[in-house]
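Proteins get letters first, then strands, A, B, ... in listed order; numbering begins at 1 in each.
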Amino acid sequence: MLQVNYIRENREKVLERLSVRNFKQPELVDEIIRFDEERRQTQTSLDNLSAIANANAKQVGELMRTGKKEEAEVLKTQTANSKEQSKVLSEQLAVVEQQLYQALVQLPNLPGEQVPSGATPEDNEVTYLHGAPAELHGNALPHWELTAKYDIIDFELGTKITGAGFPVYKGKGARLQRALINFFLDRATAAGYREMQVPLMVNEASGFGTGQLPDKEGQMYHSTVDNLYLIPTAEVPVTNLYRDVILKEDELPIKNTAYTPCFRREAGSYGAHVRGLNRLHQFDKVELVQVVHPDQSYAILEEMSTYVQSLLQDLGLHYRVLRLCGGDMGFTSAMTYDMEVWSAAQQRWLEVSSVSNFEAYQANRLKLRFKGATGKTQLAHTLNGSALALPRIVAAILENYQTEEGVIIPEVLRPYTGFDRID
RNA sequence: GGAGGGAUGCCUGAGUGGCCGAAAGGAACAGUUUGCUAAACUGUCGUACUGGCAACGGUACCGAGGGUUCGAAUCCCUCUUCCUCCGCCA
């Protein structure tokens with residue numbers, strides 16, 4: 001959520017930045033400014049009325065003490081009258097605050113200066129390309145055939161016990177999952193991130209805090225009896241650790257990492273590209289979350305991007321980095337890098353990580369602030385990134401490392417898997 | 001699940017209708033003193049909205065929401081949550 005004060009004072013700039021996103025309802029901006037104006041006026045009237053009422057009440061007390069009962073009675077009836085007025089005003093205030101809020105949450109984050117404008121993935125900017133496509137033997141298979149061939153991931157079995165999109169990992173497949181999780185966590189720890197284990201279900205307030213609610217309600221599994229949501233990413237619980245928190249400046253940057261399963265309903269997404277591990281309802285991911293000083297957030301975005309790339313390099317994968325254009329970025333992001341690995345057998349790029357700077361957009365909703373040296377509190381910036389999401393990495397490893405003699409395990413993973421090939 | 005007791009500022013903790021945005025102590029920060037450290041002393045020390053160039057004001061917030069009252073941290077109701085005891089249980 002953007003800050004109203006900022007919108008009010010930078011109307012032109014806000015509109016200009018929103019156009020980079022190809023945002024369809026620029027009229028919201030003026031609506032917000034109007035609601036805010038009305039809110040302040042109502043607030044001021046109410047404050048003034050309350051000030052009088054408070055003064056009167058004080059005087060009543062004084063008169064009662066000094067035994068001037070009749071004067072007190074007169075004052076009492078006066079105050080009773082103004083109470084009606086306050087009631088009307090505070091109802092008005094509640095209405096306009098609600099309208100303001102509703103409008104505000106519909107406004108996406110403003111793209112950062114470097115974000116290319118554009119509407120579709122075609123407008124994304126490739127900022128880096130690493131490696132070259134693996135050269136495969138003639139009988140190379142897509143990963144969903146490899147998993148069946150080596151009996152390491154069983155999609156049908158998962159369908160039986162739960163439904164489509166909930167695979168069962170078997171034997172070396174399960175071990176490979178665990179190896180990747182441990183590898184990613186160890187690397188994150190070495191890079192200064194603190195490992196956290198967090199709840200896999202969150203309440204409504206947390207969903208709001210990071211922006212999944214009300215925007216993407218349908219994406220999350222909802223346990224209605226308890227009104228809890230299964231997390232779509234560790235970003236939700238880990239970032240919400242800092243909801244309603246005022247940090248000290250010297251506590252920044254905060255660097256957390258967490259492994260969690262992630263649950264996504266992915267409503268309405270069926271088709272050729274969701275086969276195998278490409279898109280699942282439950283998958284594993286190691287997430288990075290940072291809370292940083294506003295001056296640092298773009299430098300840290302680069303640092304996180306570099307870190308994620310180092311993982312891909314160590315796994316020996318051919319990948320590219322995209323700077324997402326305004327139209328393709330997530331609602332809450334100010335700038336996003338996507339990392340995509342080349343799926344040799346599918347002949348297409350698979351997104352395996354997304355690293356974003358949210359600037360103060362999440363922090364504003366979370367009320368996540370820090371107190372600077374001057375004693376002034378201000379909103380912190382938040383960032384997160386996947387490091388990494390497992391299924392597509394598994395898919396990429398299986399496809400790119402397949403040989404006639406089986407799938408070769410990348411060197412860095414062998415201490416974790418305890419085997420060097422799947423056959 | 002049953003019974004009881006709590007929730008106050010960074011922390012401990014007082015406050016049971018007006019003199020309370022809130023005592024006191026601790027922590028923290030600034031200063032004085034000091035050869036250094038410590039101690040002592042003095043001061044500062046919640047958040048948000050809002051008015052004002054500023055000085056300085058106004059309003060709201062004592063877990064959340066509602067109610068009673070001229071007036072609520074204080075009384076009433078609902079909810080959340082924590083603790084103690086019992087039961088059940090990985």
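The separation of G13(B) from G9(B), taken at their C1' atoms, amounts to 11 Å, rounded to a whole angstrom. Spacing between A48(B) and C10(B) at atom P, rounded to whole Å, works out to 11 Å. Atom C1' of G63(B) sits at a distance of 11 Å from the matching atom of G6(B), rounded to the whole Å. Spacing between U80(B) and A27(B) at atom P, rounded to whole Å, works out to 39 Å. Straight-line distance between the C1' atoms of U69(B) and G31(B): roughly 48 Å, to the nearest whole Å. U74(B) and G17(B) are spaced 6 Å apart, taking the C1' atom of each and rounding to whole Å. Using P as the reference atom, A28(B) and C82(B) are 31 Å apart when rounded to the nearest Å. Between the P atoms of A30(B) and A38(B), the separation comes to 13 Å (whole Å).
Distances shown here put every side-chain N or O of S90(A) at or beyond 4.0 Å from the OP1 or OP2 atom of U59(B). Contact check, N48(A) against U59(B): no side-chain N or O comes under 4.0 Å of OP1 or OP2. Applying the 4.0 Å criterion to OP1 and OP2 of G18(B), one finds that N54(A) has every side-chain N and O outside that range.
Checked against G71(B), G58(B), U47(B), the side chain of A57(A) finds its nearest nucleotide in G71(B). Among G58(B), A48(B), U50(B), the nucleotide with an atom closest to any side-chain atom of R369(A) is A48(B). When distances are taken from the side chain of V60(A) to each of G18(B), G58(B), U50(B), the shortest belongs to G18(B).
Judged by Watson-Crick or G-U wobble contacts below 3.5 Å, the nucleotide C19(B) has no partner. A55(B) is unpaired under the criterion used here, namely a Watson-Crick or G-U wobble arrangement in which both key atom distances are under 3.5 Å. The partner of A39(B) cannot be assigned: no Watson-Crick or G-U wobble pair with both contacts below 3.5 Å exists in any strand. Both distances falling under 3.5 Å, in either a Watson-Crick or a G-U wobble arrangement, place A60(B) opposite U47(B). Pair assignment for U12(B) gives A24(B), based on Watson-Crick or G-U wobble hydrogen-bonding distances that are each under 3.5 Å. For U74(B), there is no paired nucleotide, since no Watson-Crick or G-U wobble pair has both relevant distances below 3.5 Å. With a cut-off of 3.5 Å on both pairing distances, the Watson-Crick or G-U wobble partner of C85(B) is G2(B).
Mapping G61(A) and S50(A) onto RNA chain B via the closest heavy atom, the residue that lands nearer the 5' end is G61(A). Nearest-nucleotide positions on RNA chain B for M64(A) and L46(A) put M64(A) closer to the 5' end.
We find that CG of D47(A) is positioned 11 Å from P of G58(B), with the value rounded to whole Å. Counting to the nearest Å, the P atom of U68(B) and the NZ atom of K87(A) are 7 Å from each other. Rounded to an integer number of Å, the gap from CD1 of I246(A) to C1' of A28(B) is 15 Å. The distance from atom CG of L228(A) to atom P of U80(B) is 12 Å, rounded to the nearest whole Å. Taking atom CZ of residue R39(A) and atom P of nucleotide U59(B), one finds them 18 Å apart after rounding to whole Å. Between the NZ atom of K248(A) and the C1' atom of G46(B) there is a distance of 14 Å, given to the nearest Å. In this entry the distance linking NZ of K371(A) with C1' of G9(B) reads 11 Å, nearest Å. Here the P atom of nucleotide U69(B) and the NZ atom of K58(A) are 22 Å apart, to the nearest Å.
When all heavy atoms of P232(A) and R264(A) are compared, the pair lying nearest together is O-NE, 2.8 Å.
For residues 20-34 of chain A, every residue pair satisfying the side chain to side chain donor-acceptor pair (under 3.5 Å) rule, not counting sequence neighbours, is listed here: R11(A)-D30(A).
Between Y242(A) and N256(A), the side chains place a donor N or O and an acceptor N or O closer than 3.5 Å (distance only, hydrogens not considered). For the residue pair N109(A)/S333(A), the side-chain donor-acceptor check at 3.5 Å is not satisfied. Counted by atom type alone, T332(A) and R365(A) present zero donor-acceptor pairs between their side chains at under 3.5 Å. No side-chain N or O of E125(A) forms a donor-acceptor pair with one of T127(A) less than 3.5 Å apart.
Both tests do not hold together for K172(A) against Y150(A): distance to the six-membered ring centre under 6.0 Å, angle to the ring axis within 45°.
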